[in-house]
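Heads up, the thing below is written out as structure tokens.
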Amino acid sequence: MNKWMERAIGLALANVAQGGQPFGAILVKDGEIIGEGVNELHLRPDSTGHAELLALRCAQEKLGTIDLRGTVMYASGAPCPMCFGAMAMAGVDKAYFANSLADALAVGLGRSSEVYADLQKAEAERAFQMIHLPVEDDEKNPMHVWYKKA
């Protein structure tokens with residue numbers, strides 16, 4: 001097994017031993033770990049406390065940038081849609097994972113599969129509805145104000 005994946009799995013196993021879920025992740029750049037995290041949902045009520053997001057936050061703080069191009073994520077489980085999106089937005093080059101979404105579903109951790117499935121549906125058919133309420137006045141539209149300022 002890859003040494004980076006071994007580290008991610010080791011973090012996940014330690015998290016399970018401490019009462020958490022089986023998720024650990026590390027972010028690597030130029031042969032060095034620049035961020036790591038474990039799922040912290042058992043420690044505080046924060047639905048964003050996923051291993052990959054915590055590894056991203058750690059790396060971004062360490063590097064002083066949100067741009068994580070040139071990095072690779074190693075995760076004990078397939079990233080959820082939120083973590084997938086965060087990695088893509090940060091510019092992570094690629095992610096390797098050990099356990100699949102099917103593996104997670106088999107042990108009762110199936111929310112990611114449900115969200116991925118919902119995203120495949122037409123917008124009007126999704127369980128989670130997002131409704132557009134446009135800002136009519138450009139002077140009160142944050143994007144227009146920002147654009148004019150930039």
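All residue numbers in this chain count up from 1 along the given sequence.
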I need the full list of salt bridge (Lys or Arg N to Asp or Glu O under 4.0 Å) pairs touching [range], with sequence neighbours left out, sorted by first then second residue.
{"range": "residues 19-40", "answer": "R7-E36, E32-K62, E40-R44"}
{"range": "residues 65-81", "answer": "D67-R69"}
{"range": "residues 86-112", "answer": "R111-E114"}

Is it true that atom [atom1] of [X] has more than 12 heavy atoms of other residues, nucleotides or ligands lying nearer than 6.0 Å?
{"X": "I66", "atom1": "CD1", "answer": "no"}
{"X": "K121", "atom1": "NZ", "answer": "yes"}
{"X": "Q129", "atom1": "CD", "answer": "yes"}

Could you list the residues that satisfy side chain to side chain donor-acceptor pair (under 3.5 Å) with [X], not counting sequence neighbours?
{"X": "T48", "value": "D46, R57"}
{"X": "Q60", "value": "none"}
{"X": "D118", "value": "none"}
{"X": "E139", "value": "K148"}

How would you list all residue pairs meeting ring pair (Phe, Tyr, Trp, His ring centres under 6.0 Å) that involve [range], not counting sequence neighbours?
{"range": "residues 14-71", "answer": "none"}
{"range": "residues 82-118", "answer": "Y74-Y96"}
{"range": "residues 131-150", "answer": "none"}

Next item on the list: May I ask you to list the residues sharing a hydrophobic cluster with L41, side-chain cutoff 4.5 Å, ordered by chain and number?
Entry: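 None, because no other hydrophobic side chain comes under 4.5 Å of this residue.
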
Notebook entry, point to check: Is L56 isolated, or which residues cluster with it under the ILVMFWY side-chain rule of less than 4.5 Å, directly or via members?
Noted result: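 Noted: L56 shares its cluster with L27, I34, L53, L63, L68, M73, M82, M87, V92.
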
Side-chain heavy atoms nearer than 4.5 Å, only ILVMFWY residues, links allowed to pass through others: does that put [X] and [Y] together?
{"X": "L43", "Y": "V38", "answer": "no"}
{"X": "V16", "Y": "L109", "answer": "no"}
{"X": "V28", "Y": "M1", "answer": "yes"}

Can you name the closest pair of heavy atoms from [X] and [Y] and give their distance?
{"X": "E52", "Y": "P79", "answer": "OE2-CA, 3.6 Å"}
{"X": "A12", "Y": "G24", "answer": "CB-N, 3.5 Å"}
{"X": "A25", "Y": "L11", "answer": "O-CD1, 3.8 Å"}
{"X": "S112", "Y": "L101", "answer": "CB-CD2, 3.7 Å"}

Quick one: does [X]'s side chain get under 4.5 Å of [Y]'s, heavy atoms only?
{"X": "N141", "Y": "D137", "result": "no"}
{"X": "W4", "Y": "E6", "result": "no"}
{"X": "L119", "Y": "P81", "result": "yes"}

Could you tell me whether the side chain of [X] and the main chain of [Y] form a donor-acceptor pair under 3.5 Å?
{"X": "S113", "Y": "A102", "value": "no"}
{"X": "N39", "Y": "Q21", "value": "no"}
{"X": "S76", "Y": "A8", "value": "no"}

Margin query: With rounding to the nearest 0.5 angstrom, report the NZ to CD distance, K140 to E136.
Written below: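 Here the interatomic distance stands at 11.5 Å.
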
Next item on the list: Please round to the nearest 0.5 Å and tell me the distance separating atom OG1 of T71 and atom CD1 of I33.
Entry: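 Result: 13.0 Å between the selected atoms.
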
